[in-house]
Amino acid sequence: MARLHAAFDGAAGDSRHPSSSLVSGSKSITETTNGSHHFVINGYSLAKGMGVGKYITSDTFTVGGYQWAIYFYPDGKNAEDNSLYVSIFIALASDGTDVRALFELTLRDQSGKGKHKVHSHFDRALESGPYTLKYRGSMWGYKRFFRRAALETSDYLKDDSLDIFCTVGVVVSHTKGPKQYAIPVPSSDLGQSFGALLESGEGADVGFEVDGEIFRAHKLVLATRSPVFKAQLYGPMRDRTTENIKIEDMEAPVFKAMLQFIYLDELPDTHELMGTVSTSASTLMAQHLLAAADRYGLDRLRLLCEAKLCEEVSVETVATTLALAEQHHSSQLKTVCLKFAAAPENLGGK
């Protein structure tokens, strides 16, 4: 027994902490998701007299995942006030339980002086905390928002209209903990992989003869990207006998650039393709590619070419580009060319 007591006393007196203790942490964040609604009431004088407890309501609006609405009572909400005051409330218009929120109601001064009448719950959040709406139809607001006689002679009423602005801040809470692990994910290399497939020619099952050059490709890739190639390679009119499909009215560099787009989904380096860095060569390639894109139903390529030609439009190219836009139904590019041509400084007009 004596030994047991001695051992216990020794352990109790040892206050050392383990050297490898693990400390974790987290953070609780409570904030508001805010949204506003602008509500204009036209024909105030016609609404007046509709009766105590009768209201005009705004359209519903969404804040923090809940629907809300503004209720305006021209003759007041409560009978004991004898229609001396107008009442304004914000109501929860969707299903919800114990929805906590802050509110602000503003009746706008329409004289331009900026003397708006503001009732804000946001300013008093530290005093009383957010307001809790228990269920659908619960309201926050003011039974005696404004004495009606004063309202009707004020700058808040103009052309028989009232201008109300409402802000709702729904309280949301969440807890953040540290990320224990992070695994870097590389960006997609799908285009590079398909580009390598085109470059290697591995598994290629179709050939194209363009200006004496042969280009090997993959039927499925072409058919997936182009409805014209799909019909040509898999449709009822496909040619089963010809080893290489001959492409007429297209230059080899243009066809090569189009193939690269089909596999890579991006414009190729036209300077590298054409062996020059001149802007005119780049514009010429974009013009030819636009025609090729229209021919093979490559809508994204067509828009990329239009954008490039738009950037490079000049006095020297505008006429050719306009004719091309007209021929291939490129309405946006056509508009750009016409605006450019209409500018006196571009064509030397006065």
Side-chain angles (χ1 to χ4, degrees), residues 190-235 237-314 316-330 333:
L190 185 64
Q192 296 174 9
S193 298
F194 272 89
L197 181 67
L198 174 65
E199 188 70 27
S200 69
E202 183 178 354
D205 53 1
V206 64
F208 296 91
E209 182 182 346
V210 189
D211 265 357
E213 291 189 43
I214 302 298
F215 297 91
R216 302 290 295 169
H218 305 80
K219 290 181 181 179
L220 276 175
V221 176
L222 300 180
T224 300
R225 299 281 279 153
S226 163
V228 176
F229 275 129
K230 183 176 182 180
Q232 186 176 23
L233 299 172
Y234 291 102
M237 303 301 290
R238 66 186 183 276
D239 190 344
R240 296 182 175 87
T241 59
T242 305
E243 182 179 353
N244 294 318
I245 299 172
K246 193 165 186 177
I247 303 296
E248 304 285 354
D249 302 323
M250 189 179 298
E251 297 178 10
V254 177
F255 187 82
K256 183 178 181 180
M258 183 181 72
L259 273 184
Q260 289 185 357
F261 169 80
I262 287 174
Y263 280 76
L264 295 166
D265 197 40
E266 62 184 22
L267 277 177
D269 187 340
T270 55
H271 299 311
E272 183 180 329
L273 280 172
M274 302 188 73
T276 176
V277 295
S278 71
T279 302
S280 59
S282 173
T283 301
L284 184 62
M285 173 60 82
Q287 290 173 343
H288 283 285
L289 269 179
L290 175 60
D294 188 41
R295 176 174 171 177
Y296 285 97
L298 299 167
D299 293 338
R300 174 171 155 77
L301 176 59
R302 185 164 65 84
L303 286 172
L304 286 171
C305 291
E306 285 188 44
K308 189 167 186 62
L309 290 170
C310 176
E311 293 172 1
E312 297 177 354
V313 67
S314 65
E316 290 76 19
T317 63
V318 64
T320 305
T321 302
L322 177 59
L324 193 70
E326 183 73 35
Q327 181 182 353
H328 297 287
H329 310 289
S330 303
L333 182 59

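Numbering starts at 1 and runs along the sequence shown.
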Worksheet item: Stepwise, does the ring pair (Phe, Tyr, Trp, His ring centres under 6.0 Å) test hold for Phe208 with Phe229?
Response: CA-CA 12 Å; Phe208 296 91; Phe229 275 129; 5.5 Å; yes

Worksheet item: If every non-hydrogen atom of Leu264 is compared with every non-hydrogen atom of Gly191, which pair is closest and at what distance?
Response: CD2-O, 2.9 Å

Worksheet entry | Distance (rounded to the nearest 0.5 Å) between Gln327 CD and Leu290 CG | 9.0 Å

Item to complete: Would you please name every residue forming a side chain to side chain contact (heavy atoms under 4.5 Å, CB included) with Lys230, sequence neighbours left out?
Response: Ala223

Item to complete: Would you give the length of the straight line joining atom CD of Gln260 to atom CG of Leu198, rounded to the nearest 0.5 angstrom?
Response: 6.5 Å

Worksheet item: Can you find a heavy atom in the side chain of Ser193 that is under 4.5 Å from one in the side chain of Leu197?
Response: no

Worksheet, complete the sentence: All heavy atoms of Met250 vs all of Ala292, minimum pair found to be CE-CB, 3.7 Å

Item to complete: Sequence neighbours left out, what passes side chain to side chain contact (heavy atoms under 4.5 Å, CB included) with Ile214? Give chain and number order.
Response: Glu209, Arg216, Asn244

Worksheet item: Can Gln287 and Thr320 be counted as having a side-chain donor-acceptor contact under 3.5 angstrom?
Response: no

Worksheet entry | Polar side-chain atom of Arg302 near backbone of Gly297 as donor-acceptor pair, under 3.5 Å | no

Discussion item. Working to the nearest 0.5 angstrom, can you tell me the gap between His288 NE2 and Cys305 SG?
Written reply: 11.5 Å

Worksheet item: What distance do Ser330 atom OG and Leu303 atom CG have between them, rounded to the nearest 0.5 Å?
Response: 8.0 Å

Worksheet entry | Validation row: Ser314, Thr317 side chains within 4.5 angstrom (heavy atoms) | yes

Practice prompt. Decide yes or no for Lys256 and Pro268: does some side-chain heavy atom of the first lie under 4.5 Å from some side-chain heavy atom of the second?
Written response: no

Item to complete: Would you indicate whether the side-chain heavy atoms of Tyr234 and Lys219 approach each other to under 4.5 Å?
Response: yes

Practice prompt. Could you walk me through whether Arg295 and Val228 pass the side chain to side chain contact (heavy atoms under 4.5 Å, CB included) test, one step at a time?
Written response: CA-CA 8 Å; Arg295 176 174 171 177; Val228 176; 5.9 Å; no

Fill in: Candidate pair Gln232 and Ser226, rule side chain to side chain contact (heavy atoms under 4.5 Å, CB included), full reasoning
CA-CA 10 Å; Gln232 186 176 23; Ser226 163; over 6 Å; no

Practice prompt. Evaluate the side-chain proximity of Glu312 to Ser282: yes if any heavy-atom separation is below 4.5 Å, no if none is.
Written response: yes

Fill in: Heavy-atom pair with the smallest gap, counting every atom of Cys310 and Leu333
N-CD1, 4.0 Å

Item to complete: Nearest 0.5 Å please: distance from the CG atom of Leu267 over to the CG atom of Leu289.
Response: 7.0 Å

Worksheet item: Looking at side-chain heavy atoms only, is the closest gap between Ile262 and Thr224 below 4.5 Å?
Response: no

Worksheet, complete the sentence: Taken in chain and number order and not counting sequence neighbours, the residues that satisfy ring pair (Phe, Tyr, Trp, His ring centres under 6.0 Å) with His218 are Tyr263

Fill in: Any Leu233 side-chain heavy atom under 4.5 Å of Ile245 side chain
yes

Item to complete: Compare all side-chain heavy atoms of Ile247 with those of Asp211 and state whether any distance is below 4.5 angstrom.
Response: no

Fill in: Aromatic plane relationship, Phe255 with Phe215 - under 30° parallel, 30 to 60° tilted, over 60° perpendicular
tilted

Worksheet entry | Approximate separation, where rounding is to 0.5 Å, of Leu259 CG and Arg225 CZ | 11.5 Å

